[in-house]
K.L.:
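Sharing a structure here in structure tokens format.
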There are 2 protein chains.
Amino acid sequence: MPPAPGDREARRKDVSEAVWHVLADRGFGGLTLRAVAAAMGASTGMLMHYFPTKRALITHALDLLEKRTAERPRRAHPAAGLATVRAMLLDILPLTPDDTARNRIWVSSWDLSLADDGLTTDQADRYTRLRSTLRPHLEAARDLGELPAAADPDQLAASAVAFTHGLVVQALFDPGRFPRDVQITMLDDFLASTALPRSDGGSRPDAGISVRSY
Amino acid sequence: MPPAPGDREARRKDVSEAVWHVLADRGFGGLTLRAVAAAMGASTGMLMHYFPTKRALITHALDLLEKRTAERPRRAHPAAGLATVRAMLLDILPLTPDDTARNRIWVSSWDLSLADDGLTTDQADRYTRLRSTLRPHLEAARDLGELPAAADPDQLAASAVAFTHGLVVQALFDPGRFPRDVQITMLDDFLASTALPRSDGGSRPDAGISVRSY
DNA sequence: GGATGCATAACAAGCGTTCGGTACGTAAGC
DNA sequence: GCTTACGTACCGAACGCTTGTTATGCATCC
């Protein structure tokens with residue numbers, strides 16, 4: 001076999017693929033060196049060649065999770081304000097198989113993260129970053145008059161993330177109860193309820209409809 | 001040592017206590033027979049005497065989690081409608097150390113639950129039950145005029161659960177960012193935004209204040 | 001004395017990790 | 001232009017440890 005000292009990164013990518021596969025159907029609790037090695041038809045010795053310890057592999061798995069989350073295909077931001085917020089939250093929901101796998105792995109990682117102080121703060125930082133990404137668009141929405149002038153963008157970001165991730169968890173456990181349209185409708189209703197009533201006539205009962213036009 | 005053939009149930013309770021302790025600071029990933037035995041100063045043989053297999057112990061742990069959730073001290077329901085919904089959701093949030101431990105264990109169980117089909121449907125059923133508990137009070141709120149007449153209580157229950165559990169997760173990872181008052185304020189704002197504007201004068205910006213009087 | 005309650009110790013399986021050995025590619029020596 | 005030397009990539013087996021589980025034995029009670 002060729003040592004080919006250039007494709008070291010390519011090999012690590014193969015490992016990533018195997019790790020992802022194992023994670024997707026056994027979770028972090030089922031992430032074992034032998035399982036990963038078997039998933040790529042290799043030996044555990046080869047694994048250790050690229051990741052000297054299991055902890056390194058776990059760290060890599062979490063990095064991979066973050067990277068794949070950051071690099072996933074995303075909706076274009078249609079317009080400033082709430083419409084962008086809506087697009088960003090839709091990008092989080094498990095609407096496709098890929099999104100479902102990613103979310104499933106994400107939730108699965110919480111057991112580990114809660115048990116390790118370092119991983120706990122890592123996860124907390126990720127949440128902080130996610131809220132920070134959302135905040136400017138909430139500020140824009142407020143400045144556009146889509147939200148009450150007194151609205152606190154930071155707290156609103158936390159609320160939006162809470163709602164979305166809570167919906168993710170329920171949808172993961174009961175996909176039949178939360179198909180694509182239900183998730184989208186719920187998100188739209190949530191956004192409509194935090195938005196100001198629109199000036200063009202619609203009062204609260206049809207706010208859920210009007211928000212979809214953002 | 002006394003065989004004392006009456007306190008078999010008492011002994012199982014001791015085991016429960018040890019299981020709880022292990023779960024609380026190592027999660028389901030750290031739930032091992034020896035860890036539980038050590039936590040109660042006993043042997044693994046004694047454990048097997050009460051729980052013939054590890055799966056039995058895991059099942060017991062999940063039952064225990066559900067039981068302690070059902071039997072936790074709860075707020076009185078102050079008045080019909082949204083006020084009761086608020087009380088029920090406040091009872092979920094990690095506002096006390098006990099609540100935090102329970103929620104932490106709950107989240108930790110998701111890794112296992114997602115990896116096992118049987119446990120997945122168990123968890124889905126639990127969510128269905130939780131929403132069902134919430135629904136009648138949302139219906140009452142709607143009938144009282146606190147919610148739009150067109151509101152769907154079932155979907156609202158799902159939204160409320162989503163928001164609350166999403167907030168739980170963020171609070172578990174970052175207790176400093178989500179102390180007691182912040183959690184309560186966020187919940188109140190959420191409820192206020194789904195509620196109809198109150199007829200006694202308050203418009204949207206202070207809805208967050210008015211809801212607290214429910 | 002037989003049944004119950006439990007500790008002790010051993011078990012096989014699986015874990016993360018280590019290690020010797022092999023195949024390959026590159027670079028240097030003459 | 002062979003040969004030698006060396007570093008990289010990887011396998012396969014083994015290590016020591018922990019896991020869940022089982023077997024043995026000794027108390028204690030009825």
Side-chain angles (χ1 to χ4, degrees), chain A residues 1-19 21-23 25-64 108-109 111-112 115-116 118-119, chain B residues 1-19 21-23 25-64 108-109 111-112 115-116 118-119:
Chain A
M1 287 312 197
D7 49 6
R8 178 167 178 92
E9 217 46 44
R11 223 77 182 83
R12 279 176 64 102
K13 217 155 215 172
D14 292 348
V15 175
S16 298
E17 209 59 50
V19 166
H21 185 255
V22 170
L23 247 40
D25 67 45
R26 288 191 252 177
F28 272 86
L31 182 67
T32 159
L33 296 184
R34 282 169 175 80
V36 174
M40 63 188 296
S43 68
T44 68
M46 178 267 189
L47 271 184
M48 306 309 284
H49 195 73
Y50 292 96
F51 300 94
T53 179
K54 165 136 195 217
R55 179 143 207 113
L57 202 161
I58 289 182
T59 301
H60 175 70
L62 291 170
D63 288 350
L64 181 64
S108 161
S109 78
D111 182 23
L112 219 93
D116 182 294
L119 298 182
Chain B
M1 286 310 204
D7 46 8
R8 178 168 179 95
E9 216 47 42
R11 224 73 181 84
R12 279 177 65 103
K13 217 154 215 173
D14 292 347
V15 175
S16 298
E17 209 58 50
V19 166
H21 185 255
V22 171
L23 248 39
D25 69 42
R26 287 192 253 178
F28 272 87
L31 182 67
T32 156
L33 296 184
R34 282 169 176 81
V36 173
M40 61 189 295
S43 68
T44 68
M46 178 268 190
L47 270 185
M48 306 308 284
H49 196 73
Y50 292 96
F51 300 95
T53 178
K54 164 135 194 219
R55 178 138 209 114
L57 202 161
I58 290 182
T59 302
H60 175 71
L62 291 170
D63 288 350
L64 181 65
S108 162
S109 77
D111 182 23
L112 221 93
D116 182 294
L119 298 181

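What you see below is based on every heavy atom in this structure, not just the backbone, and it leaves out hydrogens, waters and symmetry mates. Numbered from 1 within each chain, the chains take letters A, B, ... in sequence-line order. This structure is a prediction, so every number in the text was calculated from the model and none was measured.
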K.L.:
Mind calculating the distance between CZ (B/F51) and P (C/dG5) to the nearest angstrom?
P.N.:
14 Å

K.L.:
Mind checking side chain to side chain donor-acceptor pair (under 3.5 Å) for B/D14 and listing every partner two or more places apart, or none if nothing turns up?
P.N.:
B/R11

K.L.:
According to side chain to side chain contact (heavy atoms under 4.5 Å, CB included), who are the partners of B/S109, at least two apart in sequence or on a separate chain?
P.N.:
B/F28, B/L62, B/L65, B/S113

K.L.:
Taking only side-chain N and O atoms of A/H49, does any of them lie within less than 4.0 angstrom of OP1 or OP2 on D/dA9?
P.N.:
yes

K.L.:
Is a donor on one side and an acceptor on the other found under 3.5 Å between the side chain of B/D111 and the backbone of A/D111?
P.N.:
no

K.L.:
Rounded to whole Å, how long is the line connecting atom CE of A/M46 with atom C1' of C/dT22?
P.N.:
17 Å

K.L.:
Tell me which nucleotide among C/dT17, C/dA7, D/dA9 gets nearest to the side chain of A/Y50.
P.N.:
D/dA9

K.L.:
For the helix from C/dG1-D/dC30 to C/dC30-D/dG1, what angle separates the axis at the start from the axis at the finish, each from five pairs, in steps of 10°?
P.N.:
20°

K.L.:
Excluding sequence neighbours, so at least two apart, what forms salt bridge (Lys or Arg N to Asp or Glu O under 4.0 Å) with A/R12?
P.N.:
A/E9

K.L.:
Between A/V19 and A/A61, what is the shortest heavy-atom contact and its length?
P.N.:
CG1-CB, 3.9 Å

K.L.:
Report all side-chain donor-acceptor pairs from residues 36-58 of chain B shorter than 3.5 Å, counting only partners two or more places apart or in another chain.
P.N.:
residue: B/S43; atom: OG; partner: B/M46; partner atom: N; Å: 3.3
residue: B/K54; atom: NZ; partner: B/L31; partner atom: O; Å: 2.9
residue: B/R55; atom: NH2; partner: B/D116; partner atom: OD2; Å: 2.8

K.L.:
Pairs under 3.5 angstrom, nitrogen or oxygen only, protein versus nucleotides 12-16 of chain C, please.
P.N.:
residue: C/dC15; atom: N4; partner: A/R34; partner atom: NH2; Å: 3.4
residue: C/dG16; atom: OP1; partner: A/K54; partner atom: NZ; Å: 2.7
residue: C/dG16; atom: OP2; partner: A/T32; partner atom: OG1; Å: 2.8
residue: C/dG16; atom: OP2; partner: A/L33; partner atom: N; Å: 3.1
residue: C/dG16; atom: N7; partner: A/R34; partner atom: NH1; Å: 2.9
residue: C/dG16; atom: O6; partner: A/R34; partner atom: NH2; Å: 3.0

K.L.:
Does B/H21, at its NE2 atom, have more than 12 non-hydrogen atoms belonging to other residues, nucleotides or ligands within less than 6.0 Å?
P.N.:
no

K.L.:
Any idea which heavy atoms bring B/A115 and A/R26 closest together, and the distance?
P.N.:
CB-O, 3.8 Å

